[in-house]
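Have a look at the structure below, then the notes.
Letters A, B, ... are given to chains in the order of the sequence lines, protein chains preceding strands, and every chain is numbered from 1. Quick caveat: nothing in here was measured; it's all calculated off a predicted structure.
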Number of protein chains: 2
Amino acid sequence: MTASIKEVAQRAGVSLGTVSNVLNRPDAVAPQTRQRVLDAIRELGYVRNDSARQLRAGRSRTVAIVVLDVSNPFFTDVVRGAEAVVEAAGGMLVVCSSGEDPARERHHLDLLEEQRVRGLLITPVGDDHHRRLERLVARGIPVVLVDRGSGQSNRCSVAVDDRLGGRLAAEHLAAAGHRRIGFVGGPLAIPQVADRHAGASEALAAHGDGVELRMFETRSLTVAAGREAAERVCALPAKQRPTALFCANDLLALGALQGLTVGGLRVPQDIALVGYDDIEFAGAAAVPLTSVRQPREQLGRTAAQMLLEEAENDGDHGHRHVVFQPQLVVRQSTSGVGRPQTT
Amino acid sequence: MTASIKEVAQRAGVSLGTVSNVLNRPDAVAPQTRQRVLDAIRELGYVRNDSARQLRAGRSRTVAIVVLDVSNPFFTDVVRGAEAVVEAAGGMLVVCSSGEDPARERHHLDLLEEQRVRGLLITPVGDDHHRRLERLVARGIPVVLVDRGSGQSNRCSVAVDDRLGGRLAAEHLAAAGHRRIGFVGGPLAIPQVADRHAGASEALAAHGDGVELRMFETRSLTVAAGREAAERVCALPAKQRPTALFCANDLLALGALQGLTVGGLRVPQDIALVGYDDIEFAGAAAVPLTSVRQPREQLGRTAAQMLLEEAENDGDHGHRHVVFQPQLVVRQSTSGVGRPQTT
DNA sequence: CCATTGGCTTGTATCGTTTCAGCAACCGGG
DNA sequence: CCCGGTTGCTGAAACGATACAAGCCAATGG
C-alpha cells in the first residue's frame, strides 16, 4: 500500500543506504544514480515515514504549545507568532488547548511526552505543574513558560508584567475618581489572574483613602463568564455597586459589556470598564474598550526562539526570563464623554 | 537518559513481551508480575515511545485539521467541536493553519503525510487540491472536507449551504429596499467566498429591476482587509456608493465597520452591513452585526465523527455529504432604527 | 607498475515497540 | 500415569529509516 525505502531501492536497483543518501545527503551520490532513485521515488509515490525517522533519530521536529483556550484571540495571536518562528526553522507547531482544566493539561502533557516532542511552550493552568515540567526538562525536552514569569531558573520564560498591568488599569480608574471598583476574573488559581488582581490591589492601596476593590470571581475567562458576572453586579443595590469594573481579560470585558447593557447600566456613564489583552475585537466593541495591551505575537515569537535556541545547544544553555511591559490603551469605555474611536 | 521497555523488563526481571503485555493487555499478566512491572515503570519514570509504537502499528492516533486561519473565531469554534470528539476517542487533534496560502497548505499536507496521520479534516484553500487529497485517500488516510461541499464521492464532507447563506443575506437587504449593494470578500479562489457571492448574485437577479451587486475584492478574510475595503467604499462618490455591504465573513464586516466609521459613514443609517458566520464578537460589535449564522462547533463535531467512523471501518465506507442550513440573524447593523441588542 | 587516494556504494546494526509462535508448568479427568 | 487444556511467560521477528564501517573501482602519484 505505502511504499517504503526498500521498494524504492529495489526499483532503482540500488541499496537501501543509497536511497537514504539521496534523501539526506544528495551530494554524496553520483548524479545519474541520484536521478534513478528520484525517478523511482516519484513513480512509487514514496513518502518518508516520520515515525521511523524519529525513532532512529531519537527526537522529533515538532514543537508543542499548550494554551489555556484556543478560542481566545489573545492566544491565537501568541500561537501565530510561535508558528512563524517554528515553521521558519523547518519544524511543525502543534497546538493543544487545556481549556483551563488541569486534567486536560496533564493528559496533553502525557501524550506530548510520549511523542517525544522537541520542545514545549506552555501557559500552565495552575501552580502544581512544577514537578511535571521538571520531569520533561530532565528528559531533555526544553520547556518555555509563556505569559508567565518563572522563579525557576532551569527553564526560560516569556511574560508580560501582569502586576504592572493591573496597576496601570487600577490607577487609571482611581485617577478618574472611581472609589468602588470591581475586579472580574477567575479562577484565581490562574497566575495571570491573581497577578493582575494583586497589581490592582497594590495600586489602590497606595492610593489610600478607602478605595475599595471588590472581587467578582468567575469560573473561566470567557465571554459567557463575563456576562454572568455582570448580572451579579447589576443585582447589587446602586449604593454598593462598583462604579468601575476591571476585567482580567477582554473576553470577560466584552461579556460584561453585554451583561451590563442588558441589565440597564450604560458604559461608561453608569459604570466604567477596563479589559486586558487588547485583542483585535476590543477596539471594535459596542463601546470601544479601554484595555491593557500585551505584545501578543511577539510573546509567541520570542518564546519559540528561546525554545529553539535551547533545543539546539542540547544541555547547557543560559535560561533567560524575558518580561515585556504592558501598555494601557484608553478608549471610550472609561472616557465618560467623547465619540467612538476605532483604533 | 530515557528508559526503554527493555530496561523496565530487566529491572522487573521479566521479558520484553511481558512488559508490553502489562501495558496493553494487563489481564493477561499474573497480578504479582504485573505489580512488579508497574513498580519498575514508576521507579524508572518510563514513558512509552510513540514513534516506535506507531512504526510498529503502521498508523498513528492523531488526527489533523487544516484551517484557513487560526485567528478566525469561526475556525476556532470548529476546532473545538472536532477536538472534543477526537479526544473523547482517545486521539489527539493537531491544528494547522494554511493562512489562506496554498503553498503553506501543501507544506502542511506534506508533513502530515510523512507523519501518517490517522485522518485529515481540511478546509482547502483553492480548487487545485483534488489530486493531492486523492492521493491521501489512496494511501488510506481518510479525508473529510470541512465547510465545503464536495462533488467527489470518494470522501466525506460537512458543509453549510453557502449559496443559501448568500441568498438570505441579499434578500434581506433587497427587501429593506437597497438597490446598490456591495460584496466585500476574497480571494475569490476560496470557494466559500465564491459561493456566498454567487448566492447573493442569484437572489438579486431573481429580484429583477436593476438591483446591482458590486464586488469589492479583498486579499484575505481579515479585519484589516475589511477596513481597507471600507476605505475604497468611502472613496466613492455618494451616488455610486452602495447603500449596503454584504461581507463574506464577520472579520471583514468588523473591519468594514471600523473603516466606514472612520470614513464618516454611519451604520446602518448611511450604509447597512451584513456579516457571515455570526462569531461571538458579531453581536458585541460597536453596531451589533446582522450576520448569517453557521453551526460552528457542530460542523467540527460532525466532521470528526465521520472521519473517525471512516478510520474504523478501514476501506469500505459509505461517504456522506452533510449540509447544514445557515440562518440569518438580524441585528442593528441593518435595522435602521431600534436600540442596541446584545444577543 | 604498485600504492594510495578519493568517490560511490553496500550491508548491517540499531532505534523501541508489538505480535506471535512456542514452551513450561500445572490442573483435573479418564 | 498420561493427556488435553489452561495460564503465564519468553524470544525473536518485524516495522522503516539512518549511520557507519567496509568494500570496490578508477584515477593519481611516485
Using residues 77-85 of chain A as the side-chain source, report each donor-acceptor pair under 3.5 Å to any protein atom, sequence neighbours left out, with the distance given to one decimal.
| unit_1 | atom_1 | unit_2 | atom_2 | d |
| --- | --- | --- | --- | --- |
| A/Asp77 | OD2 | A/Arg296 | NE | 2.7 |
| A/Asp77 | OD2 | A/Arg296 | NH2 | 3.4 |
| A/Arg80 | NH1 | B/Ser71 | OG | 2.6 |
| A/Arg80 | NH2 | A/Glu297 | OE2 | 3.0 |

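- Annotation: side-chain contact (heavy atoms from CB on, under 4.5 Å) contacts of A/Arg56 (sequence neighbours excluded): none.
- Every residue was checked against the side-chain hydrogen bond (donor to acceptor under 3.5 Å, both in side chains) condition with A/Arg36, not counting sequence neighbours, and none meets it.
- Annotation: salt bridge (Lys or Arg N to Asp or Glu O under 4.0 Å) contacts involving residues 3-13 of chain B, sequence neighbours excluded, comprise B/Arg11-B/Glu43.
- Listed in residue order, the members of residues 18-39 of chain B having a heavy atom less than 4.0 Å from DNA chain D are B/Thr18, B/Val29, B/Ala30, B/Thr33.
- With sequence neighbours left out, the side-chain hydrogen bond (donor to acceptor under 3.5 Å, both in side chains) criterion links B/Asn72 to no other residue.
- At distances below 3.5 Å, at least one donor-acceptor pair connects side-chain atoms of B/Ser98 with backbone N or O atoms of B/Val67.
- Among pairs with a residue in residues 87-99 of chain A, those fulfilling salt bridge (Lys or Arg N to Asp or Glu O under 4.0 Å) read A/Glu87-B/Arg104, at least two apart in sequence or across chains.
- Residues B/Pro124 and B/Glu105 form a side-chain contact, since some pair of their non-hydrogen atoms from C-beta on lies under 4.5 Å apart.
- When the side-chain contact (heavy atoms from CB on, under 4.5 Å) test is applied to B/Gln192, the partners found at least two apart in sequence or on another chain are B/Thr123, B/Asp147, B/Arg148, B/Asp162, B/Ile190, B/Arg196.
- Of all nucleotides in DNA chain C, those with any atom nearer than 4.0 Å to a heavy atom of chain B start and finish, going 5' to 3', at C/dG16 to C/dT19.
- Ion pair B/Asp110/A/Arg48 not flagged as a salt bridge, since none of the NZ, NE, NH1 or NH2 atoms sits closer than 4.0 Å to an Asp/Glu carboxylate oxygen.
- Comparing the axis of the opening five pairs of the helix from C/dC1-D/dG30 to C/dG30-D/dC1 with that of the closing five pairs yields an angle of 60°, rounded to 10°.
- Between chain B and DNA chain D, the heavy-atom contact criterion of under 4.0 Å yields a 5' to 3' nucleotide range of D/dG8 to D/dG16.
- In this structure, A/Arg56 reaches the bases: a heavy-atom distance under 4.0 Å links it to at least one base atom across the strands shown.
- Partners of A/Ala89 according to the side-chain contact (heavy atoms from CB on, under 4.5 Å) rule, which considers only residues two or more places apart in sequence or in another chain, are A/Leu308.
- At least one side-chain heavy atom of A/His107 sits less than 4.5 Å from a side-chain heavy atom of A/Leu111.
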